[in-house]
Amino acid sequence: MKTYDVLLKGNKLWASQKLLEDPGFFDRLLHLQTPEFLWIGCSDSRVPANQITGTDPGEIFVHRNIANVVVNTDVNLLSVLDYAVNHLKVKHVIVCGHYGCGGIKAAVAKTDYKPVLNMWLRNIKDVYRLHRDELDKMEDDELRCDKLVELNVREGVMNLAKTSIIQRAWQNEQRPDLHGWVYGLKDGIIKPVFEMNSGTHIDPLYEYDNL
Ligand SMILES: [Zn+2]
């Protein structure tokens, strides 16, 4: 059996088990997608949004990239955000990083990962530079990386709040709340590290007054 055949076999087993537990499961999902949450997480295979939150298909709208970076020129992420906020009407947007993140470690290293990865990781280097005083003081490399994971999540949430997509929804519909979380690979527990409720004021430089 090829390695990918294991996936197809696993899929058949999963689908039949779901039907056994709940005969209407797929019928319901077919006609309804009303997730309350948008999840922006890391692509790391150890951090699957549904499994670690004990949720089912249909409950979380998901976007993942290396080190869960929120970049204001990322058409992919902004399209997901636009659709989730304006069409699915999600009530919460969660940026979830994880301790021990390889993308964060790579951004701190001085290795040349060649153009595309360098470009992406530079966004994380920018987060480091913004918080250099706090991070440089930390002597333990692992703790410093973990702190950067938290700060990257925080900056990601703040970058969401800078978008007109979020600001317009805050003004017109008093949602969504924004959450910054970090998942622990060692214990499987999610730690909330930052929150911006709908309507929070940010640096006026980023606030639009003609939404
Ligand atoms: Zn990661």
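Side chains are part of it too, since the values below use all heavy atoms of this structure and drop only hydrogens, waters and symmetry mates. Counting starts at 1 for both ligands and their atoms, following the listed order.
Between atom CG of residue N68 and atom NE2 of residue H63 there is a gap of 9.5 Å, rounded to the nearest 0.5 Å.
Applying the salt bridge (Lys or Arg N to Asp or Glu O under 4.0 Å) test to residues at least two apart or on different chains, the pairs with a partner in residues 161-174 are K89-E173, E173-R175.
Judged as a side-chain hydrogen bond (donor to acceptor under 3.5 Å, both in side chains), and not counting sequence neighbours, the contacts of E207 are H201. Residues meeting the salt bridge (Lys or Arg N to Asp or Glu O under 4.0 Å) test with E134, sequence neighbours left out: K147.
The Zn ion (ligand 1) has C42 SG, H98 NE2, C101 SG as protein N, O or S atoms under 2.8 Å away.
Counting non-hydrogen atoms of neighbouring residues, nucleotides and ligands closer than 6.0 angstrom, the NZ atom of K18 exceeds 12 such neighbours.
Taking the side chain as every heavy atom from C-beta outward, F25 and P57 approach each other to under 4.5 Å.
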